[in-house]
Structure formats: C-alpha cells, structure tokens
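Starting off with a structure, shown below.
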Amino acid sequence: MISIEYIHKLLDVYNQLCRPLCQQTGIPQTSLDILMFLKNNPQYKNAADIVKIRGIKANLVSIHVERLVQEGYLERREVPGDRRKTELICTRKAEHVWRQGCEIQKTFIETLFSGVPAESRKIFEQVMEQTEENLNTYQKENKQK
C-alpha cells in the first residue's frame with residue numbers, strides 16, 4: 001500500500017526540482033503547476049477544471065490565474081455562446097516556462113524510475129491503467145445512487 005509519506009516525498013522531490021525554475025521566473029510553484037496543467041492537458045481550459053482535476057482550492061486558483069494573466073503568461077477568452085465561461089489560454093511567454101517545466105517533469109520521472117527494470121515499469125503502468133478503470137467504473141455505478 002502506498003503511504004501518505006510516499007505521496008509527500010513525491011511532491012517534495014518534484015517541488016525541489018521545480019524550485020530553480022520558480023526562482024528564475026519569479027513564478028510560485030502553484031502558478032507553475034497551473035501553467036503546466038493547462039499546457040499538458042489542452043482539453044481542460046478553465047479555472048473550474050483546475051479546481052476539479054488538479055485539486056487546487058478555488059481561491060488559490062483565482063489568485064494565481066490573476067497573477068499569470070497580469071504577468072502575461074495567460075490570457076482569458078470568453079467562450080462563444082456562454083459569457084459565464086472563460087477559457088484560459090497560455091501565451092507565447094508561457095512557452096519557455098512550459099518547455100523548461102517539461103524537462104523538469106522528464107527528470108522527475110527518470111529519478112522516480114531509476115533502477116526500475118523496464119518490465120516492472122510496464123507492469124506498474126498496466127496496474128495504474130486497471131485501477132483507473134476500476135475507479136471510473138465505481139464512479140459511474142455510484143453516481144446514480
């Protein structure tokens with residue numbers, strides 16, 4: 001069973017790897033997380049998606065999105081046909097940060113799986129896919145209750 005300490009260590013190592021980029025750009029970790037999320041997951045385009053999928057509290061998303069807009073990393077665009085919705089679009093300025101962030105994520109994965117044989121990694125990925133499928137099935141079946 002994966003312990004809460006394991007999850008804490010995952011986040012701690014990832015944040016340590018991100019720290020130089022955050023310091024270089026002046027972007028806080030949460031802002032970087034939002035940029036990376038939007039860029040890596042183009043199907044998610046608004047603050048509500050960030051709250052729901054990334055699990056960042058709405059007030060924090062609001063503060064960090066506003067800062068990213070003011071600093072020119074994000075733009076807000078109204079959704080045609082629904083003025084209540086606003087899409088968040090990464091700007092060209094965000095490209096450089098995102099590319100560096102991708103390198104950090106690659107380093108993180110390499111660090112995490114260092115010494116893990118390819119066969120074991122493949123099994124791990126299969127287990128993760130199956131457990132996600134199980135979670136989806138559970139949610140679907142229990143949504144109606």
Side-chain angles (χ1 to χ4, degrees), residues 1-79 85-145:
M1 185 59 93
I2 295 177
S3 69
I4 193 76
E5 290 87 3
Y6 177 82
I7 294 167
H8 179 72
K9 286 176 193 173
L10 277 175
L11 293 172
D12 186 53
V13 169
Y14 180 74
N15 290 342
Q16 282 180 36
L17 290 168
C18 290
R19 195 166 294 127
L21 177 58
C22 290
Q23 289 172 341
Q24 172 194 344
T25 60
I27 297 174
Q29 182 68 52
T30 302
S31 292
L32 178 61
D33 292 343
I34 289 169
L35 273 181
M36 296 303 295
F37 173 77
L38 291 170
K39 202 69 171 128
N40 287 337
N41 303 283
Q43 71 272 31
Y44 301 116
K45 299 179 185 207
N46 59 52
D49 293 334
I50 298 166
V51 171
K52 181 179 178 183
I53 305 299
R54 279 290 280 115
I56 301 171
K57 292 184 181 193
N59 63 331
L60 285 176
V61 170
S62 179
I63 290 166
H64 286 277
V65 164
E66 182 60 33
R67 180 177 178 165
L68 289 166
V69 167
Q70 288 178 358
E71 293 179 4
Y73 292 102
L74 289 179
E75 291 178 0
R76 290 186 180 103
R77 291 198 189 139
E78 285 187 17
V79 174
K85 289 188 179 178
T86 303
E87 286 185 349
L88 300 171
I89 309 297
C90 293
T91 65
R92 280 203 171 132
K93 185 176 181 180
E95 279 295 317
H96 177 69
V97 175
W98 176 70
R99 289 188 198 291
Q100 287 184 280
C102 286
E103 288 301 315
I104 289 167
Q105 289 176 341
K106 182 179 173 187
T107 299
F108 175 71
I109 293 299
E110 289 169 357
T111 301
L112 186 61
F113 287 101
S114 176
V116 176
E119 314 82 58
S120 296
R121 187 171 172 173
K122 182 75 173 160
I123 291 169
F124 174 79
E125 290 168 0
Q126 290 169 342
V127 169
M128 293 297 288
E129 288 171 9
Q130 182 61 56
T131 57
E132 182 177 17
E133 190 176 312
N134 295 345
L135 292 169
N136 291 340
T137 300
Y138 180 86
Q139 284 181 323
K140 191 176 183 181
E141 290 173 354
N142 289 281
K143 210 172 207 174
Q144 294 115 11
K145 293 182 181 182

Original post:
How about Lys143 and Gln139: do any of their side-chain heavy atoms sit closer than 4.5 Å?
Top reply: no
**OP:** Check the surroundings of atom CG in Leu135: do more than 12 heavy atoms from other residues, nucleotides or ligands lie under 6.0 Å from it?
**Re:** yes
**OP:** Would you mind reporting whether Asn40 and Cys102 have side-chain heavy atoms less than 4.5 Å apart?
**Re:** yes
Subject >> Heavy-atom side-chain proximity of Leu88 to Ile50 below 4.5 angstrom >> reply: yes
Original post:
For Leu21 and Gly101, which heavy atoms make the closest approach, and how far apart are they?
Top reply: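 Taking every non-hydrogen atom into account, CD2-N, 3.9 Å.
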**OP:** Establish, from distance only, whether the side-chain atoms of Glu132 and Asn136 form a donor-acceptor pair under 3.5 Å.
**Re:**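 No, because no side-chain N or O of Glu132 sits under 3.5 Å from a partner of the opposite role on Asn136.
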**OP:** Identify the two heavy atoms, one from Gly72 and one from Lys93, that lie closest to each other, and give their separation to 0.1 Å.
**Re:** O-CB, 3.5 Å
**OP:** Write down the atom of Cys22, the atom of Pro28, and the distance for their closest heavy-atom approach.
**Re:**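 Heavy atoms only, the tightest pair is SG-C, 4.1 Å.
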**OP:** Quick one: do Tyr73 and Leu38 satisfy side chain to side chain contact (heavy atoms under 4.5 Å, CB included)? Show the steps, please.
**Re:** CA-CA 11 Å; Tyr73 292 102; Leu38 291 170; over 6 Å; no
**OP:** Check whether any side-chain heavy atom of Val13 sits under 4.5 Å from a side-chain heavy atom of Phe108, and report yes or no.
**Re:**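 Of all side-chain heavy-atom pairs linking Phe108 with Val13, at least one is under 4.5 Å.
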**OP:** Could you pull out the closest heavy-atom pair between Asn46 and Asp49, with the gap in Å?
**Re:**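 Here Asn46 and Asp49 meet closest at OD1-N, 2.9 Å.
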Original post:
When you look at CD1 of Ile4, are more than 12 heavy atoms from neighbouring residues, nucleotides or ligands closer to it than 6.0 Å?
Top reply: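 No, not enclosed.
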Original post:
If you measure from CD1 on Ile27 to CZ on Arg67, what distance do you get to the nearest 0.5 Å?
Top reply: 8.0 Å
Subject >> Separation between CD of Gln29 and CD of Gln23, rounded to the nearest 0.5 Å >> reply: 11.0 Å
Subject >> Contact summary for Ala58 and Val51, nearest pair of heavy atoms >> reply: CA-CG2, 3.6 Å
Original post:
Can you tell me how far the CD1 atom of Ile56 sits from the OG1 atom of Thr30, to the nearest 0.5 Å?
Top reply: 6.0 Å
**OP:** Quick one: sort the Tyr44 and Phe37 rings into parallel, tilted or perpendicular, breaks at 30° and 60°.
**Re:** parallel
Original post:
So does Glu66 pair up with Arg76, basic N to acidic O under 4.0 Å?
Top reply: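 Judged by the 4.0 Å cut-off on N to carboxylate O distance, Glu66 and Arg76 do form a salt bridge.
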Original post:
In Å, rounded to the nearest 0.5 Å, how long is the span from CD of Gln126 to OG1 of Thr131?
Top reply: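 The distance works out to 12.0 Å.
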Original post:
Would you say Trp98 and Glu95 make side-chain contact, with heavy atoms under 4.5 Å?
Top reply: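 Answer yes - side chains close enough.
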Original post:
Do the non-hydrogen side-chain atoms of Leu112 and Tyr14 ever get within less than 4.5 Å of each other?
Top reply: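 Not in contact.
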Original post:
Roughly how far apart are Thr91 OG1 and Leu74 CG, rounded to 0.5 Å?
Top reply: 7.0 Å
Subject >> Salt-bridge contact Glu103-Arg99 (side-chain N to carboxylate O under 4.0 Å) >> reply: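 No, Glu103 and Arg99 are not salt-bridged.
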Subject >> Shortest non-hydrogen contact from Arg121 toward Ile109 >> reply: NH2-CG2, 3.3 Å
Original post:
Has the side chain of Asn15 got a donor or acceptor atom that lies under 3.5 Å from a matching backbone atom of Leu11?
Top reply: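 Side chain of Asn15 to backbone of Leu11: a pair is present.
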Subject >> Rounded distance (nearest 0.5 Å) linking atom CE of Met36 with atom CZ of Arg54 >> reply: 10.5 Å
Original post:
Any side-chain heavy atom of Ile53 within less than 4.5 Å of one from Asn41?
Top reply: no
Original post:
Do the non-hydrogen side-chain atoms of Ser31 and Glu71 ever get within less than 4.5 Å of each other?
Top reply: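 No - every pair of side-chain heavy atoms lies 4.5 Å or more apart.
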Subject >> Audit row: Thr137, Asn134, side chain to side chain contact (heavy atoms under 4.5 Å, CB included) steps and yes/no >> reply: CA-CA 5 Å; Thr137 300; Asn134 295 345; 5.6 Å; no
